[in-house]
Amino acid sequence: FLIEDPKYSFLKELGLKEKNVGVFNGKWEANGPVIQSYSPANGKIIAEVQAASPADYEACAVAAQEAWHSWAELPAPSRGEIVRQIGDALREKLQPLGQLVSLEMGKILPEALGEVVEYIHVCDLALGLSRTLPGTIFPSERPGHVLLEKWNPLGAVGIITAFNFPVAVFGWNSALAMVCGDVSVWKPSDTTPLTAVAVTRIVESVLEKNNIPGAVAALCVGGKDIGEKIVKDERMKLVSFTGSTAVGQQVGVEVQRRFGRHLLELGGNNAIIVNADANLDLLLNAALFACAGTAGQRCTTTRRLLIHKKVYSEVVSRLSKAFAGVVSRIGDPLLSETLIGPLHTPAALEGYKKTVAEAVKQGGKIEFGGKVIEREGYFVEPTIITGLPHDSPLVKTETFAPIVYCIEIPDLDTGIKYNNEVEQGLSSSVFTENLGDIFKWIGPHGSDCGIVNVNIPTNGAEVGGAFGGEKATGGGRECGSDSWKNYMRRSTVTINYSGTIKLAQNIKFGD
Ligand code: NAD
């Protein structure tokens with residue numbers, strides 16, 4: 001076990017052991033299968049986590065529901081104070097938690113730290129929200145009546161998360177759900193269970209210090225079986241699901257079947273349009289991170305570059321050079337010189353190989369990369385492919401690896417058409433200096449994505465805005481803006497203090 005290696009002493013700083021319990025319902029207790037957590041950088045086992053049995057899930061759901069009663073009674077600013085303390089506890093553990101994310105997920109340390117910072121930022125946002133959660137009063141048409149809108153917590157929320165943001169996605173949901181008065185049962189990805197245990201321990205420490213039931217933030221490590229339990233469970237008033245479009249679609253249908261609420265954050269197939277007038281230095285700087293960063297394992301990774309014919313050759317050749325410049329810096333994500341870490345699993349490595357082979361078979365040209373790197377762990381070269389039609393099924397599919405397709409366009413309108421022709425609708429960007437083109441891009445006939453950028457990469461969102469995408473990305477929104485509404489139910493309330501019954505629309509009923 002890597003946990004015994006002093007090089008990874010941060011694991012013990014987080015309270016992790018060789019064998020860990022992956023279920024928390026106020027008590028740590030698990031009876032399900034044992035999951036081994038691997039480091040994608042070397043394929044070695046870090047430590048083990050015992051996952052949830054069906055009975056363990058049941059205990060979590062019951063405990064969470066029980067905890068909800070007292071939690072929902074706390075005033076929102078008091079709940080915000082708890083979330084503030086969680087933010088502070090995360091600040092204290094920033095380094096070791098970031099290191100754990102880097103070791104277990106495989107992203108480089110600065111990005112792993114950034115992910116923990118994102119959770120901290122959401123705690124700050126949620127703290128402010130806890131004192132400003134709105135409720136509107138509308139003018140009533142009836143004398144002596146008040147017409148108002150009251151927001152109440154939903155109850156228990158099921159949070160199912162993907163492997164690639166093992167801290168932030170839980171944080172986005174949890175911090176907001178908590179200030180809104182909800183409790184949660186979290187099922188993390190079964191390939192990042194140690195991160196989930198470490199995060200839950202941090203949250204637990206704050207809850208315990210404040211005499212709040214731990215089941216306000218229950219954890220249920222497990223696979224598809226536990227995910228399916230959450231999806232079918234009527235007690236989970238909202239299912240917030242982050243993951244692939246294929247699974248998300250099943251989740252959406254199942255939750256709808258029981259008229260539950262769902263928040264879906266699914267796959268992307270994000271494009272950058274390079275206009276003829278784009279600042280190419282800016283573009284290349286952004287595209288390197290957007291296409292190759294995180295080894296292509298962000299939902300917002302740029303997978304298509306739609307490049308104006310006037311600058312096409314220059315962009316492809318300069319991007320190939322930029323990719324060549326980072327190959328020597330692919331390696332152990334915990335080392336400071338590394339810019340790109342490994343893919344997360346052997347299955348992802350196979351997915352990469354299959355896509356590259358298929359692209360070549362279909363007449364695509366590998367401009368750069370295309371190979372698995374021969375070393376321990378799951379490393380691949382960032383890859384640029386040209387020559388495939390804009391609408392080929394391969395180009396329209398999300399492969400979760402650092403592969404970018406370059407496609408030539410004659411003008412912006414064609415770029416927008418290609419941007420919008422994929423089934424996903426998460427993130428998009430245009431590089432241009434033209435004001436008219438910017439407004440076209442953000443207007444009704446522009447990008448149809450949830451995230452529409454100008455002169456920045458498709459990835460790397462801030463928490464202040466609402467995050468999410470349209471179409472097969474699921475339509476959900478998390479984080480800032482009015483995303484809190486997902487976690488509350490709205491009642492329209494009319495109060496009559498006039499002493500007489502008056503009907504709306506001045507309807508007279510009887511004498
Ligand atoms: P995945 O769909 O394989 O798994 C996501 C989660 O769903 C995991 O916790 C998994 O155990 C669980 N799960 C699997 N089958 C289930 C079922 N039948 N019912 C309920 N839960 C089930 O996704 P992944 O490989 O972990 O993550 C990568 C995908 O996630 C990519 O498509 C990426 O674009 C997407 N993603 C989207 C966002 C976003 O905000 N839009 C963010 C991160 C990742």
Side-chain angles (χ1 to χ4, degrees), residues 22 32-33 35 40 51-52 57 104-107 115 118 158-173 185-193 195-196 219-233 236 239-255 257 260 262-270 294-303 343-348 350-351 397-401 422-428 449-451 458-461 463 465-479 483 486:
I35 298 177
Y57 169 73
E104 191 178 45
M105 183 276 158
K107 63 179 70 174
E115 175 170 355
E118 211 169 328
I159 304 174
I160 302 175
T161 55
F163 78 85
N164 65 329
F165 275 90
V167 172
V169 172
F170 168 71
W172 297 348
N173 282 283
V185 178
W186 177 22
K187 194 213 83 62
S189 165
D190 50 5
T191 55
T192 53
T195 303
L219 170 70
C220 228
V221 167
K224 182 178 163 191
D225 54 328
I226 299 298
E228 282 173 346
K229 284 207 157 299
I230 290 180
V231 168
K232 294 208 169 104
D233 190 344
M236 298 297 134
V239 176
S240 173
F241 175 87
T242 303
S244 58
T245 292
V247 177
Q249 186 171 42
Q250 293 168 25
V251 167
V253 169
E254 279 304 319
V255 175
R257 212 185 289 285
H262 54 64
L263 195 173
L264 301 176
E265 295 279 355
L266 314 179
N269 189 347
N270 319 293
T294 335
Q297 298 168 108
R298 285 184 184 235
C299 50
T300 50
T301 291
T302 300
R303 312 210 178 271
L343 290 178
H344 186 56
T345 56
E350 287 311 310
T397 304
E398 178 195 47
T399 298
F400 223 52
V422 295
E423 63 171 9
Q424 306 88 342
L426 181 53
S427 187
S428 56
C449 293
I451 298 169
T458 49
N459 51 4
V463 302
F467 182 90
E470 303 296 337
K471 305 189 292 186
T473 302
R477 291 296 188 279
E478 288 176 336
C479 269
S483 304
N486 287 307

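Below, each value reflects all heavy atoms present in this structure, side chains not excepted, and no hydrogens, waters or symmetry copies. When a ligand or atom number is given, it counts from 1 through the structure's own listing order.
A distance of 11.5 Å separates CZ in R298 from CG in N270, rounded to the nearest 0.5 Å. Atoms CG and OG1, on N459 and T301 in that order, are 5.5 Å from each other to the nearest 0.5 Å. For the atom pair CZ (R303) and CD (Q424), the distance works out to 9.5 Å, reported to the nearest 0.5 Å.
Of the protein's heavy atoms, at least one falls inside 4.0 Å of atom 25 (O) of ligand 1.
Taking a 4.0 Å cut-off on heavy atoms, F163 registers as neighbouring ligand 1. Not a single heavy atom of G469 lies less than 4.0 angstrom from ligand 1. Every heavy atom of A246 sits 4.0 Å or more from the atoms of ligand 1.
At the top of the distance list for atom 16 (C) of ligand 1, counting protein heavy atoms only, stands V247 CG1, 3.4 Å. Looking at atom 7 (O) of ligand 1, its nearest protein heavy atom turns out to be F241 CE1, 3.1 Å. Among protein heavy atoms, the minimum distance from atom 11 (O) of ligand 1 is reached at K187 NZ, 2.9 Å. Shortest contact from atom 27 (O) of ligand 1 to any protein heavy atom: A162 CB, 3.3 Å. Nearest non-hydrogen protein atom to atom 19 (N) of ligand 1 is E228 CG, 3.7 Å. Annotation: atom 23 (O) of ligand 1 to nearest protein heavy atom, S244 N, 3.5 Å.
Contacts of F467 with ligand 1, taken as heavy-atom pairs under 4.0 Å, involve the side chain alone. By the criterion of a heavy-atom distance under 4.0 Å, the side chain of I160, and not its backbone, is placed next to ligand 1.
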| request: Begin from the C-alpha positions of N486 and S240 and carry the test side-chain contact (heavy atoms from CB on, under 4.5 Å) through to its verdict. | output: CA-CA 9 Å; N486 287 307; S240 173; over 6 Å; no
| query | After noting the C-alpha distance and the side-chain angles of T242 and E478, does the key distance pass the side-chain contact (heavy atoms from CB on, under 4.5 Å) rule? | reply | CA-CA 10 Å; T242 303; E478 288 176 336; 4.1 Å; yes
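Looking at H262, its side chain never comes within 3.5 Å of a backbone N or O of V239 through a donor-acceptor pair. A donor-acceptor pair is defined here as one N or O able to donate and one able to accept, closer than 3.5 Å; such a pair exists between the side chain of T473 and the backbone of G425. Judged by distance alone, with hydrogens and angles left aside, the side-chain atoms of N269 form no donor-acceptor pair with the main-chain N or O of E423 at under 3.5 Å. Under the 3.5 Å distance criterion, the side-chain polar atoms of T161 are left unmatched by any main-chain donor or acceptor of V169.
In summary, the atoms of ligand 1 found under 4.0 Å from a heavy atom of Q250, numbered by their order in the structure, are 18 (N). Close contacts of ligand 1 with K224, meaning ligand atoms under 4.0 Å from a residue heavy atom, involve 15 (N), 16 (C), 17 (C), 18 (N). Using a 4.0 Å cut-off to heavy atoms of S189, the atoms of ligand 1 that qualify are 9 (O). Residue P188 approaches ligand 1 through these ligand atoms, each under 4.0 Å from one of its heavy atoms: 9 (O). Interface atoms of ligand 1 facing N164, defined by a heavy-atom separation under 4.0 Å, are 43 (C), 44 (C). Short contacts between ligand 1 and E398, defined as distances under 4.0 Å to a heavy atom of the residue, involve ligand atoms 31 (C), 32 (O), 33 (C), 34 (O).
The closest non-hydrogen atom to atom 8 (C) of ligand 1, taken over I159, T161, T191, comes from T161. When C479, C299, G267, A196 are ranked by how near their heavy atoms come to atom 39 (C) of ligand 1, first place goes to C299. Considering each of G227, A461, G243, the one bringing a non-hydrogen atom nearest atom 21 (N) of ligand 1 is G227.
For ligand 1, one of its N or O atoms has an N or O atom of L266 under 3.5 Å away. Checking only distances, T242 never comes within under 3.5 Å of ligand 1, N or O to N or O.
For K107 and F165, the positive end sits near the middle of the six-membered ring, less than 6.0 Å away and at most 45° from its axis.
Ring pair W172/F467 is tilted by interplanar angle, where 30° to 60° counts as tilted.
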